[in-house]
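Reading through the structure tokens given below for one structure.
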Amino acid sequence: MVLGAVLLLLLLGGAGPASAHAVLRSSDPADGTVLKAAPASVTLTFSESVGLLDDSFRLFGPDGRRVHTGEARHAPGHSDTAEVAFPAGLGQGTFTVAWRVVSADSHPVSGAFTFSVGKPSPTSAAVDTGPDENPATGALWDLARYAAYGAAALLIGTAAFVLLCRPPDPGPLRRPLAAGWWTLLASTVVLLALRAPYETGAGPASALDPAALARTLTGRPGLVLLARLALLAPVAAFLVRLSRRGPSRTTPATGAALALALALTWAASEHASAGIQVPSAMASSVLHLLAMAVWLGGLTALLTTLQRATADPDPESSSGDDPRLTATVARFSRIAFLAVTVLVVTGVYQSWRGLGSWTALTDTTYGRLLLAKLAAVVLLLAAAGGSRRWTARLVTAAGRAGSAGSAGTAATGSEAVQERTPEPVGGPSYPAARTTAPQTVSTSAPLSGPPAGAAFGTSSPCPSPAPGGCLRALRRSVLAEVAVAVAVLVVSTVLSGTLPGRAAAEAAGTAPAAGIPGASVTTIPFDTGTPGGRGTVQITLEPGRVGQNAVEAVVFGPDGGLSTVPELRLSLSLPAQKIGPIDARLTDRGGYWGTDSLNLPIPGAWTAKATVRVSELDQASGSRTVRILR
């Protein structure tokens, strides 16, 4: 368990987070650039394929009013792009583009940038590009996601508990099974209805729009939710058969197939469906979700079973020393240990895929949420360790009772099996454990291997002579385990909707190409001291990084209009490293000055110096700091 706690330091997210959430790599025109003429179209390029909405592009003119555009589309042969035609005849000034697309992992992403045609607007109009999401829609969507994850854990885990652990009385578990099924049905219907407003950032009322629902049913996220709804019908039939006839030889295989299909609907609509190594990520996500459900949902089923077994106030009642119940507890302990092992293995892989670097643990929201989950998982493992110790004591006490009872009675029928009573490690043996002869324990099926928890010290007795005392102590321990497990499940659900560390690092690295203001556009004022000798030079470096850069320099006169000058020189130097000045060798390109061959060798705060000659005798210089990134 200590080794598992150390490995879980790398455990990421409950639903398979990966390098998902589309990141804007570049835009054409780039953010902050000044164009001589209006572009034919506006094109965005992302880090992965994206889905387009009816309102993927919103274009606002220099006056802040929205301009009607055509339908958004992908560039031919490139599903990772979004493109819209730029209307003709809009004049000069600064335009704002607000965009919204849906990532391949089903999460919507949005942003905005500006560019100018002819010259920048003298003043920037206030533009409302709309919220990233509607608060009410977002809250309902998150609530439905939490409910869906919890219902899946309860449904799959309880069914697995009935099939694999074979409780003596599965009747009390019918309610958790029904509650899980109905909750999953309701939450999936809500998610399907809210899918359209969640993508567009609209209010919940728009979920009633038939056109929006029809659009949802044609997209991959909507089809996945529809498939989940369809799967709930055979799941219901399976549960009815299980409750009426009990487990059979084919029941576990049927249940496993249905659980696998349900888990696939999460993997196909979350982070695992995008990014690197998608097939491996999908398989890991399915196993991770199933292991989580078997463990956490099984805990709830075990707690329900223990609650029923310890309901009788008499500590010596037969429910407390039922060997079938003891066998059920021991089976679940072994299954839970296997589930934790699967969680660790798949979590290590997902950690590498999602984080990308150790620094992302503290530098990203995803990493900090992971650390919070890790703290909760450590508490969960501590509670699980307590439960396993009580399981060992329960099995030992049951073995002692069985040894005493075997002298007077003999096991009969198929209910009698031979099972060894575990011998405590590191302490004196109980009298019943000193004999090498197998002990007879009445149970519903054979137990393979020693009961879980046999490796723990079990020299401490139960709170009361009968196993019922151990059952009550075990119930309290499992109750604490379930409470912490709920917190882990909540954090895991939040993680599944958070931008992974790898994607966050990629977004930070590609942000300058999307035109963060000031990163690639610099304005340098100049004044020759003569009438009409004042103005500014706007320098655009693309991409504003180490290596080859293209330079566009536009001169504006004192009235803010474009100005033609006989000569413009630009040089860059890096005083901290004593590099430069490097002459950009600008050439007149008809309305602006430029070059495509400026090479900047290292990152840092460079000083750009522009020298403007406005006549044969008058010239002036100015300088500004330009930050060049790696």
Handout entry: Any side-chain heavy-atom pair of P172 and T305 under 4.5 Å
Key = no

Handout entry: Contact check, side chains of L343 and H288, non-hydrogen atoms, under 4.5 Å
Key = yes

Problem - Side chain proximity check, L223 to T218, heavy atoms < 4.5 angstrom - result: no

Exercise for the section: List the steps, then state whether side-chain contact (heavy atoms from CB on, under 4.5 Å) holds for V294 with L164. Expected result: CA-CA 10 Å; V294 169; L164 303 178; 5.6 Å; no

Problem - From L173 atom CG to L239 atom CG, the distance as rounded to the nearest 0.5 Å - result: 11.5 Å

Exercise for the section: Using the test side chain to side chain donor-acceptor pair (under 3.5 Å), find all partners of S284 that sit at least two apart in sequence or belong to another chain. Expected result: Q350

Practice task
For residues V224 and A268, report the shortest heavy-atom separation together with the two atoms involved.
Solution key: CG2-CB, 4.1 Å

Fill in the blank from the handout: Interatomic distance, CH2@W295 vs CG@L302, rounded to 0.5 Å, equals 13.0 Å

Handout entry: Distance-only side-chain donor-acceptor flag, R195 / T216, under 3.5 Å
Key = no

Run the side-chain donor-acceptor check on residues 175-184: report pairs under 3.5 Å with partners two or more places apart or on a different chain.
residue : atom : partner : partner atom : Å
W181    : NE1  : L232    : O            : 2.8
T183    : OG1  : A179    : O            : 2.7

Problem - Spacing of CG belonging to L296 relative to CG belonging to L154, to within rounding of 0.5 Å - result: 11.0 Å

Exercise for the section: Might you work through the side-chain contact (heavy atoms from CB on, under 4.5 Å) test for V190 and W141, ending with a clear yes or no? Expected result: CA-CA 8 Å; V190 172; W141 177 267; over 6 Å; no

Handout entry: T265 (side chain) donor-acceptor with R228 (main chain) under 3.5 angstrom
Key = no

Problem - Side chain proximity check, V102 to V50, heavy atoms < 4.5 angstrom - result: no

Practice task
Measure from NZ or CZ of R145 to the centre of the six-membered ring of W266, then state whether that distance is under 6.0 Å and the direction lies within 45° of the axis.
Solution key: no

Practice task
Quick one: pull up CD1 in I156 and CG in L258 and give me the separation to the nearest 0.5 Å.
Solution key: 9.5 Å

Exercise for the section: Could you walk me through whether F332 and L299 pass side-chain contact (heavy atoms from CB on, under 4.5 Å), step by step? Expected result: CA-CA 9 Å; F332 178 75; L299 280 175; 3.8 Å; yes

Handout entry: Gap between atom OG of S187 and atom CG of L192 - 0.5 Å precision
Key = 11.5 Å

Exercise for the section: State whether the side chain of S285 and the backbone N or O of A281 hold a donor-acceptor pair below 3.5 Å, judged by distance alone. Expected result: no

Practice task
Mind listing the closest non-hydrogen atom pair of A259 and L290 along with its distance?
Solution key: O-CD2, 3.6 Å

Problem - Nearest non-hydrogen partners of L191 and A148, listed with the distance - result: CD1-CB, 4.4 Å

Completion exercise
In this structure, CG of L287 is separated from CE of M282 (nearest 0.5 Å) by 12.0 Å

Problem - Min side-chain heavy-atom separation L140-Y198 under 4.5 Å - result: no

Problem - Test side chain to side chain donor-acceptor pair (under 3.5 Å) applied to T188 - qualifying residues, sequence neighbours left out - result: none

Completion exercise
Shortest non-hydrogen pair, M292 vs A153, comes out as SD-CB, 3.9 Å

Fill in the blank from the handout: Shortest non-hydrogen pair, P170 vs V162, comes out as CB-CG1, 4.4 Å

Fill in the blank from the handout: In short, S103 meets V109 closest at the heavy-atom pair OG-CG1, 3.7 Å

